Number of protein chains: 2
Amino acid sequence: MRLTTKGRYAVTAMLDIALHRNRGPISVMDIAERQGISAAYLEQLLAKLKKGGLLVSVRGPGGGYQLDRALAEITVSSIITAVGDGVDATRCHGTGDCQDGDRCLTHELWSDLSGEIDGFLSGISLADLVGRKEVQHVASRQDQRLIHARHL
Amino acid sequence: MRLTTKGRYAVTAMLDIALHRNRGPISVMDIAERQGISAAYLEQLLAKLKKGGLLVSVRGPGGGYQLDRALAEITVSSIITAVGDGVDATRCHGTGDCQDGDRCLTHELWSDLSGEIDGFLSGISLADLVGRKEVQHVASRQDQRLIHARHL
DNA sequence: GCTATACCCGACCAAATCGGTCTACTTTCC
DNA sequence: GGAAAGTAGACCGATTTGGTCGGGTATAGC
């Protein structure tokens, strides 16, 4: 099971774009500042998300990234997968040849777990997250802080 | 979320010991051969499991490791935790200060996910695993192979 | 057509982690 | 006493992570 900052950053960035979707394209810099993520690093992740068909980019001044699908059609699972942080918990990546061509003692356990996790994350879309009170609260705080910081 | 070979090996080893519990103490070498795990590495994991109160060891010839609790009282979750592969998916380890003392946008999501995974793994004990047909099948295959190998 | 903005892309890097080895014990049974 | 077995910890090579840097290229607006 690999769920590292890569996956977390990706979901965070997607959610940030979702929350500000009515402002037109969102620049990497904006997301990076609001979410406290290195801009150069974030670029790599957004590139993968674009390659995965979750985002489109607009070049030039005023450009940035936009969602390529409806909020409800983008699941957390798909974001994590797109960026390479697999949800798979087995050692053999599901093939079943964990021990010299045969299944290992615990193959089914990890396989079941993978299903469980994927089921959970597939059931949560950006639309769900955007609708959460707690998320909206954090988002408005971040917006305020960014405006404040840019006034200096 | 950290679920690496460490956690997988630990669960595999514990299950191996559980399956052969009627044979007295199980040596590291036996487990290593049956499960295809490096004995030297396995030692480290078993030491942690012992420190965590899941195993007891018997030194000297004929010694090895034994479970320190009833099968039903040892959950997969507790095994993974004992070797250090935390089930926690948040960046802040549950404290909630993911971004300059406040919660990040996705704190709740990862927190929920952690709960989900932990709930799943806490619900599975060694007794459950030992009772599974597939597990028994793989175990008997491993036993046969070991006997065969030692005849050479 | 310049220029500032912003995405694009690939090389590179330091630190951490992982899976594992090796050595040198100590304890216990025969 | 010697062999079997656990104990402890230093060490190691490979990979991954998280991130930087530097140079592109496209494009909007003047």
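Chain letters run A, B, ... following the sequence lines, proteins first and then strands; every chain starts at 1. As a basis for the values below, the full set of heavy atoms in this structure was taken, side chains included, without hydrogen atoms, waters or symmetry mates. Model, not experiment: these values are computed from the prediction.
- Note that CG of B/Asp88 is 8.0 Å distant from OG of B/Ser111, once rounded to the nearest 0.5 Å.
- One interatomic measurement links the two molecules: CG of A/Asp85 to P of D/dT15, which rounds to 19 Å at whole-angstrom precision.
- Considering CD1 of B/Ile17 and CG of B/Leu49, their distance stands at 7.5 Å, rounded to 0.5 Å.
- When rounded to the nearest whole Å, the span between CZ of A/Arg91 and P of D/dT15 equals 15 Å.
- The OG1 atom of A/Thr12 sits 6.0 Å away from atom CD of A/Gln35, with the distance rounded to the nearest 0.5 Å.
- Here the C1' atom of nucleotide D/dG19 and the NZ atom of A/Lys48 are 13 Å apart, to the nearest Å.
- Annotation: the span from A/Cys104 atom SG to B/Leu15 atom CG amounts to 10.0 Å, rounded to 0.5 Å.
- One interatomic measurement links the two molecules: CG of A/Leu55 to P of C/dA6, which rounds to 17 Å at whole-angstrom precision.
- Between the CZ atom of B/Arg132 and the CD1 atom of B/Ile124 there is a distance of 5.5 Å, given to the nearest 0.5 Å.
- Nucleotide D/dA8 holds its P atom 16 Å from the CG atom of B/Leu42, rounded to whole Å.
- Remark: P of C/dG20 and CD of B/Gln35 are 14 Å apart, rounded to the nearest angstrom.
- Contact annotation: B/Tyr41 side-chain N/O to C/dC18 OP1/OP2 distance is not under 4.0 Å.
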### Task
Dump the intermediate steps for side-chain hydrogen bond (donor to acceptor under 3.5 Å, both in side chains) on A/Asp143 and A/Ser140, then the final yes or no.
CA-CA 5 Å; A/Asp143 280 343; A/Ser140 70; over 6 Å; no

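- Judged by closest nucleotide on DNA chain D, A/Ala39 is the one of A/Ala39 and A/Pro61 placed further toward the 5' end.
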### Query
Which parts of nucleotides 7-13 of chain C does protein reach within less than 4.0 Å, heavy atoms only, written one letter per nucleotide 5' to 3' as B for base, S for sugar-phosphate only and - for none?
BBB----

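- An OP1 or OP2 oxygen of D/dT16 is reached within less than 4.0 angstrom by no side-chain nitrogen or oxygen of A/Thr4.
- If you take CG of B/Asp30 and C1' of D/dA5, they are 11 Å apart, rounded to a whole angstrom.
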